[in-house]
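Counting starts at 1 for both ligands and their atoms, following the listed order.
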Amino acid sequence: MSLTNFVTLGRSGLRVSPLCLGTMTFGTEWGWGNEEKDSRAIFDRYIAAGGNFLDTADGYTMGHSEELVGKFIAESKLRHRVALATKFTFNADPGNPNAGGNGRKNIHRAIEGSLRRLGTDFIDLYWLHAWDTITPVEEVVSTLNDLVRQGKILHYGFSDTPAWYVARAYTLAQKEGKEPLVALQLEYSLVERNIEREHIPAAQEFGLAVLPWSPLASGFLSGRYKREGAVVKGEGRLEKTKDQANPVFRKFTARNWSILEVLLDVSKQLGKPPAQVALNWVATQPGITSTIIGATKIAQLDDNIASLDFTIPADLRSRLDEASTLEALHPYIFFSGTLQSMISGGVPIAHWSPARVTGAPATPSEKALAAEK
Ligand SMILES: NC(=O)c1ccc[n+]([C@@H]2O[C@H](COP(=O)([O-])OP(=O)(O)OC[C@H]3O[C@@H](n4cnc5c(N)ncnc54)[C@H](OP(=O)(O)O)[C@@H]3O)[C@@H](O)[C@H]2O)c1
């Protein structure tokens, strides 16, 4: 599979590459990104390999990421070749609660800033970056619907939101004849599989695209970090962010180290770098549309693009699945296995799903039902 094996973004007509280029590392303002020259080299390499899907956000590197992405697109005259995604939600003016969040006032402020920094008059895919816990879903849907009608955005999606909020937004839009969201963006990797509980099934129900972020757990799954007693050795983003309060960067846990151990062993047996195996696993999981990759070096990007070129054999894939399996929790234990069998009277039920129609691998609940037979 290559970057030109385009796939539709959920139930939309937008065709995107199966690997999207994340640009959170464009700019050095956060202390671990790239200068303009190196960001440009990453951008050029991704485009030269056939990629057409770019992800940024208004808050990345204090707006610098958007400026660089906009500049590179303009200089390369690629605006109509790329699918450009950016995000709103994070606060741009500490002390002013209306310069952040998902209310109409902030969305109107944020879109104008993003269009200016990106040097464009439309965004292909506009993301709500994270749930703000307060804005009614009606306000979010009607504001984003209006932006579509005005031509400022073509599609919208939700990142880092509860699945119930997604379901309410989709259903409301559908019932009111408004533009529905078409995609979800969520953290997903061998060390973070929680979206399998509610978000993947919700996406399959509504035909939404799913875009995993941090598929390498910020570089942890590349195997570049090692434990020496209580000390972690290895250079990179996680070393630089280890004292930050941001929970996204807390990857050095006992559970994650044990998953990494299995990944390293599987990679050795496959003769592939761990980063490629970890990315391949994410990109080929049920329900995944396009995986957002991050790279600060050309060699990393090349490695990541090559992650689509092989298949992980079933026995090795099972080892990865088992090592990273989700803890059985209430109420999810009711939705598969013994308890579903008690509901169906022991008769296996096959649900219709897009996965079934496209011949994609079975969903986790389908696998559990099959195991129960
Ligand atoms: N919606 C959200 O809330 C959200 C949150 C986070 C990210 N995102 C999006 O997702 C994108 C990707 O996230 P991410 O950068 O965290 O992804 P990631 O793939 O988990 O981490 C990327 C980092 O891993 C290391 N790496 C990448 N490829 C490698 C390779 N082949 N070998 C060894 N190390 C490798 C590099 O670390 P070093 O730079 O340390 O070398 C690189 O910067 C972001 O750019 C952004 O667009 C969205």
Quiz item: For atom 39 (O) of ligand 1, what is the nearest protein heavy atom, given as residue, atom name and distance?
Solution: T296 OG1, 2.8 Å

Self-check item: Reference residue R45; test salt bridge (charged side-chain N to carboxylate O under 4.0 Å, His left out); the match among D302, D38, D303
Solution: D302

Quiz item: Under 3.5 Å between some N or O of ligand 1 and some N or O of L216?
Solution: yes

Practice problem: Write out the residue and atom name of the closest protein heavy atom to atom 44 (C) of ligand 1, then the distance separating them to 0.1 Å. | Solution: M24 CB, 3.6 Å

Quiz item: Short list, please: which atoms of ligand 1 are under 4.0 Å from a heavy atom of T23?
Solution: 45 (O), 47 (O)

Quiz item: OG of S189 to CD of Q285: how many Å apart, nearest 0.5 Å?
Solution: 11.0 Å

Practice problem: Establish, for the pair K272 and F310, whether the NZ or CZ atom is under 6.0 angstrom from the six-membered ring centre and no further than 45 degrees off its axis. | Solution: yes

Quiz item: Out of L186, I292, T25, L21, whose heavy atom is nearest to atom 11 (C) of ligand 1?
Solution: I292

Quiz item: Any idea which atoms of ligand 1 are less than 4.0 Å away from a heavy-atom of D160?
Solution: 1 (N), 2 (C), 3 (O)

Self-check item: Cation-aromatic face contact R79/F122, 6.0 Å, 45 degrees
Solution: yes

Practice problem: Check if Y60 has a non-hydrogen atom at a distance under 4.0 Å from any atom of ligand 1. | Solution: yes

Quiz item: Should the pair W131 and W164 be assigned to parallel (<30°), tilted (30 to 60°) or perpendicular (>60°) ring geometry?
Solution: perpendicular

Quiz item: Considering only protein heavy atoms, which is closest to atom 16 (O) of ligand 1, and at what distance to one decimal place?
Solution: S214 OG, 2.6 Å

Exercise. Look at atom 27 (C) of ligand 1 and say which protein heavy atom is nearest, naming residue and atom and giving the distance to 0.1 Å.
Key: G294 O, 3.1 Å

Quiz item: At a non-hydrogen distance cut-off of under 4.0 Å, which region of P273 contacts ligand 1 (side chain, backbone, both, or neither)?
Solution: neither

Quiz item: Pick one: which of E192, R193, R255 meets side-chain hydrogen bond (donor to acceptor under 3.5 Å, both in side chains) with S324?
Solution: R193

Exercise. Run the numbers for me: atoms of ligand 1, each under 4.0 Å from some heavy atom of A217, listed by number.
Key: 20 (O)

Quiz item: Can you check whether R237 has an N/O within less than 3.5 Å of an N/O in ligand 1?
Solution: yes

Quiz item: With backbone taken as N, CA, C and O and side chain as the heavy atoms from C-beta onward, which portion of W127 lies under 4.0 Å from ligand 1: side chain, backbone, both, or neither?
Solution: neither

Self-check item: Distance from atom 41 (O) of ligand 1 to nearest protein heavy atom, with residue and atom
Solution: R224 NH1, 2.7 Å

Practice problem: Please could you name the atoms of ligand 1 that H129 approaches to less than 4.0 Å, counting only its heavy atoms? | Solution: 1 (N), 2 (C), 3 (O)

Quiz item: Is it the side chain (CB and beyond), the backbone, both or neither of S222 that lies under 4.0 Å from ligand 1, heavy atoms counted?
Solution: side chain

Quiz item: Once the angle between the rings of F335 and Y332 is folded into 0 to 90°, is it parallel (under 30°), tilted (30 to 60°) or perpendicular (over 60°)?
Solution: perpendicular

Quiz item: Would one find an N or O of S218, backbone or side chain, under 3.5 Å from an N or O of ligand 1?
Solution: yes

Quiz item: Near N304, which atoms of ligand 1 are under 4.0 Å from a heavy atom of that residue?
Solution: 27 (C), 28 (N), 29 (C), 30 (C), 31 (N)

Quiz item: Just wondering, do K87 and Y60 contact through their side chains at under 4.5 Å, heavy atoms?
Solution: yes

Quiz prompt | G22: numbered ligand 1 atoms lying under 4.0 Å from its heavy atoms | solution = 11 (C), 44 (C), 45 (O), 47 (O)

Quiz prompt | Sequence neighbours excluded - salt bridge (charged side-chain N to carboxylate O under 4.0 Å, His left out) pairs with any residue from residues 145-166 | solution = E112-K152, R149-E179

Self-check item: Heteroatom proximity flag, A295 to ligand 1, N/O under 3.5 Å
Solution: no

Quiz item: What atoms in ligand 1 come closer than 4.0 Å to a heavy atom of D55?
Solution: 9 (C), 46 (C), 47 (O)

Quiz prompt | Under 4.0 Å to a heavy atom of A275 - the qualifying atoms of ligand 1, by number | solution = 30 (C), 31 (N), 32 (N)

Exercise. Compute the ring centroids of Y225 and W257, then answer whether they are less than 6.0 Å apart.
Key: no

Quiz item: In the protein, which heavy atom is nearest to atom 36 (C) of ligand 1, and how far is it?
Solution: Q300 OE1, 3.4 Å

Quiz item: Below 4.0 angstrom, N of the basic side chain to O of the carboxylate: do K251 and E187 qualify?
Solution: yes

Self-check item: Charged N-O contact under 4.0 Å between D315 and R319
Solution: no

Exercise. Could you tell me which residues satisfy salt bridge (Lys or Arg N to Asp or Glu O under 4.0 Å) with E327, sequence neighbours excluded, listed by chain and number?
Key: none

Quiz item: Can we say K37 and E35 salt-bridge, meaning some charged N sits less than 4.0 Å from an Asp/Glu carboxylate O?
Solution: no

Practice problem: Quick one: sort the F334 and H330 rings into parallel, tilted or perpendicular, breaks at 30° and 60°. | Solution: perpendicular

Quiz item: How close does the nearest protein non-hydrogen atom get to atom 2 (C) of ligand 1, and which residue and atom is it?
Solution: W213 NE1, 3.3 Å

Quiz prompt | Nearest non-hydrogen protein atom, atom 1 (N) of ligand 1 | solution = S159 OG, 2.9 Å

Practice problem: Indicate yes or no: does an N/O atom of D303 lie under 3.5 Å from an N/O atom of ligand 1? | Solution: yes

